[in-house]
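In this text, all values refer to a predicted model and were calculated from it rather than measured experimentally. Residue numbering restarts at 1 for every chain, and letters A, B, ... go by the order of the sequence lines.
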Number of protein chains: 4
Amino acid sequence: MAVDKRETIVASALKLFEELGYHNTKVSHIVKDAGMAQGTFYLYFKSKEDVFRTVIEQCLEEIITALAPESWADSVMDEAQVHYQLIRKSLEIYYHHRHVLNILKRHGSASPEIEDIAATFYKNVCIVLMKLTQEHFPGYSEEKLEANAYATIGMVEMAAYQWFIQKGYGLEKLDLLTEVILEVNLDCKEIGGSSV
Amino acid sequence: MAVDKRETIVASALKLFEELGYHNTKVSHIVKDAGMAQGTFYLYFKSKEDVFRTVIEQCLEEIITALAPESWADSVMDEAQVHYQLIRKSLEIYYHHRHVLNILKRHGSASPEIEDIAATFYKNVCIVLMKLTQEHFPGYSEEKLEANAYATIGMVEMAAYQWFIQKGYGLEKLDLLTEVILEVNLDCKEIGGSSV
Amino acid sequence: MAVDKRETIVASALKLFEELGYHNTKVSHIVKDAGMAQGTFYLYFKSKEDVFRTVIEQCLEEIITALAPESWADSVMDEAQVHYQLIRKSLEIYYHHRHVLNILKRHGSASPEIEDIAATFYKNVCIVLMKLTQEHFPGYSEEKLEANAYATIGMVEMAAYQWFIQKGYGLEKLDLLTEVILEVNLDCKEIGGSSV
Amino acid sequence: MAVDKRETIVASALKLFEELGYHNTKVSHIVKDAGMAQGTFYLYFKSKEDVFRTVIEQCLEEIITALAPESWADSVMDEAQVHYQLIRKSLEIYYHHRHVLNILKRHGSASPEIEDIAATFYKNVCIVLMKLTQEHFPGYSEEKLEANAYATIGMVEMAAYQWFIQKGYGLEKLDLLTEVILEVNLDCKEIGGSSV
DNA sequence: GATGAATGAGCCTTCATTCAT
DNA sequence: CATGAATGAAGGCTCATTCAT
């Protein structure tokens, strides 16, 4: 029953960071919510920034792992299926880690002290996506691959944020959301640069 | 030479908000950068939050106006062209207002005190996009239109952020970026939900 | 028509000192009420304290003069009449100068910077009263005369304050008030120290 | 030796409020006098106004209680004795609480933020006195009783202020002062309104 | 390990006063 | 004389962090 004190702090910190943001969450809030003395906090973390990093970074690593094709792709999938599954998987991951990802999106780059966290994370996700896309678009330049990857990240992130966080929906909308995202731009594929 | 003092404050504030974030930018930094006494700041703005709101909100209104189809769409354009131009125009706007949009993206929802600004902005952009999309997809539900709009916003924002802010590129990449964004997902249109 | 600017400042200052107190009245309030620029204030007064002193002290001198028996006593009055008239006159004076006396009572000793004003005033009033009482109580010690004088001052001041300021009554209550004050303690004259 | 820190703050605050007034007493003065860090102050009181209210209001309640006839009157006293004892008791109370009452008198209504304290106190004292006087003057109107009460309050307050505060006397003058106060007006009882 | 009182640097804001025009 | 923008010293209060118990 005696939950680890460190875990308690992490839980309270997460909750409050999400609710109030990094700067408006005070150490006093965290320890009050965690039901312990102010000093105890510093037995487990060396600063407020430390909890933030610890909590967020650990979660982000899990996400990167979960996003790697090894975790979900299958040799029998064709490329279209891979793409569909990628979006679906990404949304699912977002849902599962929605609290941390919400913090990351809203407060992650709010301060120079912590903005490297978000930067590193996005870069890593980008690398995963680039690798995946490269197999479909072998002729693409690095630059195009990267742009493509970031566009996908932005799309998934924003859609998931609005659905899972703002509207509070659960996974029951997962397929709907996946399809809508996949349909974005579909109707204009034939034109592209020619219309300028 | 005698630049308007208010302008000076705005310039310094913008620069510092972008660099340090809302919370880490102190009024003392702003006035130091602007080369004036601390008290002078309060002749032009009634608080730190006031500069932030004033500067950001005004810019966001301009953006909403610029984004409205009246400002750029043309009756002779077909739907594909409209879509292409929308993305292109959005990226262009992002570029022109990149400093404010960067602040919005990174620090806009970092505090309860100011998060309404970003929320309102995204909602307004969403409304513009939904109207536009509705003409192409008359059968779409409100929900799908909304999801589609947010996905587009996320895509444009993230791509523009990486290109114009992180990489520091200028408009020379505008067409490239537009095309890449339009091609996202293109290769999978034929599958959709059937592949689950 | 062009009222003297100095007078305008004095009028505004008086009004605001009474309403807000010395510390809560800002120079900016005064000039705004007086309809002039901030700098103009310093052409007529050298500081905020200076207006306060000027306004109050001048009025207090008038009061001392008005209170002197020469202004109201009459050789045909007997001692009882003198006493009655003294109270009545004091109340009347309080009424006429109620704004300044209100300021004096409420804010006059609120700061070391200005507390000498009130102290001097009360001392002067005390001297007037002591002289007057001495003729009735030739056997009284200095000490008793002084105590008596201060008791009278306190009585008149508090009663007048409650009536003219707090309740906002005018001179129609003058006689009633005078009588009540004179009756205070009346019923116990026969006992005094014997009852201890 | 380890005096309660809260007590220390109260002591310093009282001393400084009395000496410098509410506005001129800075929190930095208080903590310096109390020998602690600035932040410590806020562990015990939530603002400067809070110390003021806490300290003053508590004391004033004690005074109201001590002033109630139950605390000092006796069934065997005749009315004259009651009156004598009332004055005597009031002076005694003033002496015991002279620091707080001095603050109240001098600074109590110096600011809109705190003036309700003094107003409430005087009203309560007035009520106590009115009840007491009503038994002696059953025919008096409310208005007369009130005027009488306030006159008494003013008399006692001013006399006590001059004796115990300004002159720094102690209780050795208590009876003298009581008698002088009781004799005020004595010589004119026979005239009243008839002399106008 | 746990506590929580104590610290003190630092922030936002106010405002009396000055001075160039 | 008049102006009002500019100044900058302070003040109230917060909060991350420390440390004696």
Is there a side-chain contact between B:Y44 and the phosphate of F:dA5, meaning an N or O under 4.0 Å from OP1 or OP2? no
Value in whole Å for how far the P atom of E:dA16 lies from CD1 of C:I114: 13 Å
What contact category does B:K5 fall into here, base, sugar-phosphate, or nothing, at under 4.0 angstrom with non-hydrogen atoms? sugar-phosphate
From B:I117 atom CD1 to B:I103 atom CD1, the distance as rounded to the nearest 0.5 Å: 10.5 Å
D:N24 atom CG is separated from F:dG12 atom P, nearest whole Å, by 10 Å
Please evaluate residues C:F17 and C:H99 with respect to the criterion side chain to side chain contact (heavy atoms under 4.5 Å, CB included), reporting the C-alpha separation (whole Å), side-chain torsions for both, the decisive distance (0.1 Å), and the verdict. CA-CA 9 Å; C:F17 281 144; C:H99 299 302; over 6 Å; no
A:S47 vs F:dA16: side-chain N/O to OP1/OP2 distance below 4.0 Å: no
Write down the atom of B:V31, the atom of B:A37, and the distance for their closest heavy-atom approach. CG1-O, 3.9 Å
From the list D:I63, D:N102, D:L60, side-chain contact (heavy atoms from CB on, under 4.5 Å) with D:H97 holds only for D:I63
Walking DNA chain F from its 5' end, the first of A:K46 and D:V27 to be reached, judged by nearest nucleotide, is D:V27
Reckon A:S28 has a side-chain N or O less than 4.0 Å from the OP1 or OP2 of F:dC15? no
Taking for A:M36 and for B:T40 the nucleotide of DNA chain E with the nearest heavy atom, the one nearer the 5' end belongs to A:M36
Nearest to the C:K26 side chain among E:dA16, E:dT3, F:dG4, which nucleotide is it? E:dA16
Please report, rounded to the nearest Å, how far the P atom of E:dG1 is from the CG atom of A:D4. 10 Å
If you go through the side-chain atoms of C:Q38, does one of them form a donor-acceptor pair with the base of F:dT3 closer than 3.5 Å? no
Roughly how many Å is it from CG in A:D50 to P in F:dT17, rounded to a whole number? 10 Å
Counting Watson-Crick and G-U wobble pairs whose two distances are both under 3.5 Å, find the runs of 3 or more in a row that involve DNA chain F. E:2-21 with F:2-21
Applying a 4.0 Å non-hydrogen cut-off, can you work out what B:K48 is touching in the nucleic acid: base, sugar-phosphate, or nothing? sugar-phosphate
Pairing donors with acceptors under 3.5 angstrom, does anything connect the side chains of D:D50 and D:T54? yes
Rounded distance (Å) that lies between atom P of F:dA16 and atom NZ of A:K32: 14 Å
Can you tell me how far P of E:dG1 sits from CZ of A:R6, to the nearest Å? 11 Å
Using a distance-only test with no angle check, is there a side-chain donor-acceptor pair under 3.5 angstrom linking A:S111 and B:H23? no
Of the listed nucleotides (F:dT17, E:dT18, E:dC12), which one gets closest to any side-chain atom of C:Y42? E:dT18
Regarding the side chain of A:L43, the nearest nucleotide among E:dC12, E:dA16, E:dA2 is E:dA2
Write down the distance between CZ (C:F41) and C1' (F:dC1), rounded to a whole number of angstrom. 17 Å
Given atom OH of D:Y22 and atom P of F:dG11, what is their separation to the nearest angstrom? 14 Å
Are A:Y122 and A:E157 close enough that a side-chain donor and a side-chain acceptor fall under 3.5 Å? yes
Could you check whether D:E19 pairs with D:K15 (Lys NZ or Arg NE/NH1/NH2 to Asp/Glu carboxylate O, under 4.0 Å)? no
